[in-house]
Asker: 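My questions all concern the structure below.
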Amino acid sequence: MDYINELNNSQRDAVLNIEGPCLVIAGAGSGKTRVLTYRIAHLIKQHNKDPFSILALTFTNKASNEMKERIEKVVGTDARNLWMGTFHSIFSRILRSEGSRIGYPSNFTIYDTKDSKSLIKSIVKEQGFDSKLYKENYVYNRISNAKNKLISCNEYLKNKIIQNEDASSLRPKIGIIYKKYVDRCFKSQAMDFDDLLFNTNTLFKEHTDILNKYQQLFKYVLIDEFQDTNFSQYLITKKLSSVGRNICVVGDDAQSIYAFRGADINNILNFEKDYPELQIIKLEQNYRSTKNIVGAANSVIEKNRSKISKKIWTDNHVGELISIKKSYSDNQEGKMVASLIFEEKNKKQLSNSNFAVLYRTNSQSRAIEESLRRIGINYKVYGSLSFYQRKEVKDIIAYLRFVANQNDEQSLRRIINLPRRGIGKTTIEKIILISNEKNIRLWDVLLNIKKYFNPRVSGAVGKFTDLIKGFILFVENNDVYASASHIASISGLMKELYNDKTIEGLNRYENVQELLNSIKEHIDNSSDRKDISIDSFLQEISLLTDQDTDNDESGEEYISLMTVHMAKGLEFHVVFVVGMEEDLFPSQMMLSSRKDLEEERRLFYVAITRSMRKLYLTYSNTRYRYGILKECQPSRFIEEIDKKYTENMVFGSSKANFAKNLIQKNQKEIDSHRKLRHVPSENFHRSEINNLKEGMKVEHQKFGYGSIQKLDINSHQQKAIVNFKLVGKKTLLLSFAKLRIVS
DNA sequence: TTTCTGTACTAATCA
DNA sequence: AGTACAGAAA
């Protein structure tokens, strides 16, 4: 019971009142994690609740691991029996054991975002839709949003409002793509990330016996970062806790920054309607930051209209003022930050791990990295390409995935011609077409390849299926590690990487070695016999992200460089928020509506409140964006901070013209570039080949305007000789060249 | 079918 | 600036 004394009054309320629904509004730095962990520990230790009956959901593996560790410190190894993890990991666990009821095997594959997008892309292509209009990013987000709102593809097609939206964005076919996409995922026995939640809802809706089972099991439900839940997550937890009604959610509406991926702030605002007997506890004392920082943060968030009223305050020192610093270029900004870090380190005797540099977009890290490297300060960039996303790693995993599940279309596409074995794009597309038309498994098309293809192709495919058959046999009698090593070498992937002696090649080879090592580690650490199977390994990694794998053995301390989004939940003594410029932070894409701007402001609020003792805000007059130098204005957010908390520090003005010159020079280069190139007219479209006549004036997208000298339509390859103004005579193949008739 | 080259595009992020 | 990919050539 020692831990009770570490808590203030409202924290104690939140920990001790274990019965009934409870909403904890936890301001930044108010000890939210402490409350959650102690509440769980209290349930187990004081009230003798069975850890198996407690469900605790978080958004990141990191958060759940951290909490588990802290609970274990209080209650011991009992903590390991908690149902604690991310939404996705907990519900994929349930789906693996109950999924057969909705037609999935227990070893279903999980598609990551890249798999999903590439599947969408191929569907768009197969359907003959315009790939410019139906870009996979756009379609993916549309589908993802629908799933998060629990709108199935059939409902999507029926829903008038949605159909109107798609029609007015000139993309009426999205519903059809959605339907095809769902079919193909199911056929591949695969779920994407959203399916893990969507299908859990389906399971609970259609099979009440299963719902009842878990309602009985989970006597206590706790949710972290509740402001980030989407409708799908909200409904699952509502259903699960509707019997015991012991649901405790913790969140902060001011830190809701994930609306773009479906998070719905109304979940927090409407929670009271669902549970009239709700107890609301506000944690308003900030233990993290100085008075200046808390005051500044409050003065910013006040500008938002929609919020739950609360007064965050602190007992901490007043502390230093917030420094606002201007520079003339992104590179100079980097240098300035590096030298300020150097000074602060010496002045306050801080170590690298006390510093963080936060930015709005990942691309801003480059300039900072460069100057830190030059000055010799260790740093670590978070959120670059994740280990499991690397091509060479994904390749090996695709082999494992296909060996485990021969219906997995995305893995098949990846490995069938890797390393090269003479099976090209067209063949793969045909195979998938046959599988869809005849409604048979991919693997059955491959096994009966001679029925459908000529000897050359079926020979190549035959070699591939023999290879996979061998792997399937091998896997039955060996653990994952042996299997992965076997596959890596027999497939020829290892050899190909080994022969690549470039620096990148060496790197890739090392990455594969590292993957094999991590698999070895996985089976060495597992106590259970079944943990050494391929399935178990694939399940483990499919829900891992980059931050979960960063094990630091070097013991060296480093400065953290990351986006503001990634910094949520973290704290540092000294924080730099760089690139405080209009159109960057707030992002130009978030200026169109109050709702978007308010989310952007909350993001800034998150950035400010990461800092414990000292905060720097920096901006630059000029910045390279997409390879072009742009002039920048300071961010409106700087103005929004109450002046009594800030000090302005401007660097000398001797270089005032420096920026202007740079911009002029840059503009000249762009202009000269433009002159050499034909810019296609706005209404450019391809004219019907049959309408082309000799002597006509035509436009070509690249070569510009010209006249047709000669047409050759009769031979099997239709050609035209065109005399262009810009580039002279060209012979064009009409099956390729797009020509627009001008007159 | 494979390899090479020019072009188009570009947030944020978790699972 | 950097990358992913479509189109053209081999």
Side-chain angles (χ1 to χ4, degrees), chain A residues 57-64 85-93 110-114 116-118 121 125 131-132 135-138 141 144 147-148 191-198 200 225 228-230 232-233 257-263 330 358-364 366-367 382-383 385-386 388 391 417 419-428 456-457 460 539 541-548 562-569 579 583-590 596 599-600 602-604 606-607 623-629 677 680 701-702 732-733 735-738:
Chain A
L57 297 166
T58 64
F59 274 82
T60 62
N61 293 309
K62 200 177 169 192
S64 100
T86 62
F87 276 91
H88 292 83
S89 74
I90 295 287
F91 295 119
S92 75
R93 191 169 147 193
I110 295 177
Y111 276 175
D112 67 21
T113 316
K114 270 191 183 162
S116 302
K117 286 181 183 169
S118 105
K121 198 166 181 189
K125 207 174 161 193
S131 61
K132 289 248 161 56
K135 279 192 281 190
E136 61 268 28
N137 269 326
Y138 186 92
N141 285 330
S144 172
K147 282 186 181 173
N148 287 334
M191 296 192 197
D192 66 17
F193 289 134
D194 302 317
D195 286 335
L196 294 175
L197 306 168
F198 187 94
T200 304
E225 306 276 13
D228 289 339
T229 49
N230 56 41
S232 179
Q233 291 163 323
I257 53 176
Y258 286 112
F260 68 88
R261 65 172 201 224
D330 40 8
L358 310 181
Y359 33 77
R360 180 65 236 261
T361 65
N362 276 313
S363 58
Q364 290 168 254
R366 208 211 75 249
Y382 288 81
L385 197 60
S386 135
Y388 291 104
K391 186 189 172 301
N417 199 29
R420 298 257 137 83
R421 43 176 81 91
I423 309 173
K425 260 186 286 186
T426 12
T427 310
I428 299 172
R456 193 173 56 85
V457 175
Q539 283 162 31
I541 60 162
S542 58
L543 296 173
L544 278 186
T545 59
D546 202 26
Q547 300 105 67
D548 309 322
M562 62 181 91
T563 60
V564 183
H565 280 94
M566 286 215 102
K568 190 163 143 205
D583 292 347
L584 184 59
F585 197 4
S587 159
Q588 62 198 1
M589 294 161 125
M590 295 291 261
D596 285 350
E599 170 144 329
E600 202 74 357
R602 289 193 294 269
L603 188 60
F604 183 49
V606 169
R623 181 176 299 278
Y624 274 96
R625 294 187 76 185
Y626 307 136
I628 291 170
L629 194 68
R677 193 163 299 183
Q701 275 178 305
K702 201 162 77 181
L732 302 168
L733 282 177
S735 56
F736 291 118
K738 292 174 187 144

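These numbers come from a predicted model, not from an experiment. The sequence lines fix the lettering, A, B, ..., with proteins before strands; numbering per chain opens at 1.
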Asker: Is the ring centre of A/F260 under 5.5 Å from the base ring centre of B/dA11, and are the two planes under 30° apart, so that they stack?
Answerer: no
Asker: In whole angstrom, give the distance that lies between atom CE of A/M562 and atom P of B/dC14.
Answerer: 11 Å
Asker: Atom CG of A/D596 to atom C1' of B/dA12: distance rounded to whole Å?
Answerer: 12 Å
Asker: Between B/dC14 atom C1' and A/K62 atom NZ, what is the distance in whole Å?
Answerer: 13 Å
Asker: Kindly say whether A/L543 contributes a backbone atom to a donor-acceptor pair with the side chain of A/N61 at under 3.5 angstrom?
Answerer: yes
Asker: Can you tell which of B/dT3, B/dA15, B/dA11 lies closest to the side chain of A/M589?
Answerer: B/dA11
Asker: From the options B/dA15, B/dA11, B/dT13, select the nucleotide whose nearest atom is closest to the side chain of A/D194.
Answerer: B/dA15
Asker: Ignoring hydrogens and angles, does a donor from either the side chain of A/T60 or the base of B/dA15 sit under 3.5 Å from an acceptor on the other?
Answerer: no
Asker: Return the nearest nucleotide to the side chain of A/T113; candidates are B/dA15, B/dA11, B/dA12.
Answerer: B/dA15
Asker: With respect to the side chain of A/F193, which nucleotide from B/dA11, B/dT13, B/dA15 is positioned closest?
Answerer: B/dA15
Asker: With respect to the side chain of A/R360, which nucleotide from B/dT13, B/dT2, B/dA12 is positioned closest?
Answerer: B/dA12
Asker: Are A/N137 and B/dA11 close enough that a side-chain N or O sits under 4.0 Å from OP1 or OP2?
Answerer: no
Asker: Any donor-acceptor pair under 3.5 Å linking the side chain of A/N417 with the backbone of A/G422?
Answerer: yes
Asker: Taking the side chain of A/R420 as heavy atoms from C-beta outward, which of B/dA15, B/dA11, B/dT3 is closest to it?
Answerer: B/dT3
Asker: So what does A/S587 hit on the nucleic acid, given a heavy-atom distance under 4.0 Å: a base, only sugar-phosphate, or nothing?
Answerer: base
Asker: Using only side-chain N and O atoms of A/N61, determine if any of them is under 4.0 Å from OP1 or OP2 of B/dA15.
Answerer: yes
Asker: Return the 5'-most residue of the pair A/V564, A/I423 with respect to DNA chain B, ranking by each residue's nearest nucleotide.
Answerer: A/I423
Asker: Which part of the nucleic acid, if any, lies within contact of A/D228, taking any heavy atom under 4.0 Å across all strands shown: a base, the sugar-phosphate backbone alone, or nothing?
Answerer: nothing
Asker: I'd like to know if A/R625 and A/D583 make a salt bridge, using a cut-off of under 4.0 Å between side-chain N and carboxylate O.
Answerer: no
Asker: Between A/L603 and A/M590, is any pair of side-chain heavy atoms under 4.5 Å apart?
Answerer: no
Asker: Just compare B/dC14, B/dA12, C/dC5 and give me whichever is closest to any side-chain atom of A/K121.
Answerer: C/dC5
Asker: Side-chain N or O of A/N230 less than 4.0 angstrom from OP1 or OP2 on B/dC14?
Answerer: no
Asker: With distance as the sole test, does A/Q233 use its side chain to make a donor-acceptor pair with the main-chain N or O of A/N230 at under 3.5 Å?
Answerer: yes
Asker: Separation of A/N362 atom CG from B/dT13 atom P, in whole Å?
Answerer: 5 Å
Asker: Counting heavy atoms from C-beta on, name the nucleotide in B/dA15, B/dT2, B/dA12 closest to the side chain of A/N417.
Answerer: B/dT2
Asker: Over how many whole Å does the gap from A/L603 atom CG to B/dT13 atom C1' extend?
Answerer: 11 Å
Asker: Any base atoms under 4.0 Å from A/Y258, or only sugar-phosphate, or nothing? Heavy atoms, all strands.
Answerer: sugar-phosphate
Asker: Nearest to the side chain of A/K135, which nucleotide is it out of B/dT10, B/dA15, B/dT13?
Answerer: B/dT10
Asker: With a 4.0 Å cutoff (strictly under), does any side-chain N or O of A/Y626 reach OP1 or OP2 of B/dA11?
Answerer: yes
Asker: For A/E599 and B/dT13, what is the distance between atoms CD and P respectively, to the nearest whole Å?
Answerer: 13 Å
Asker: Keeping A/D195 on the side-chain end and A/F198 on the backbone end, is there a donor-acceptor pair under 3.5 Å?
Answerer: no
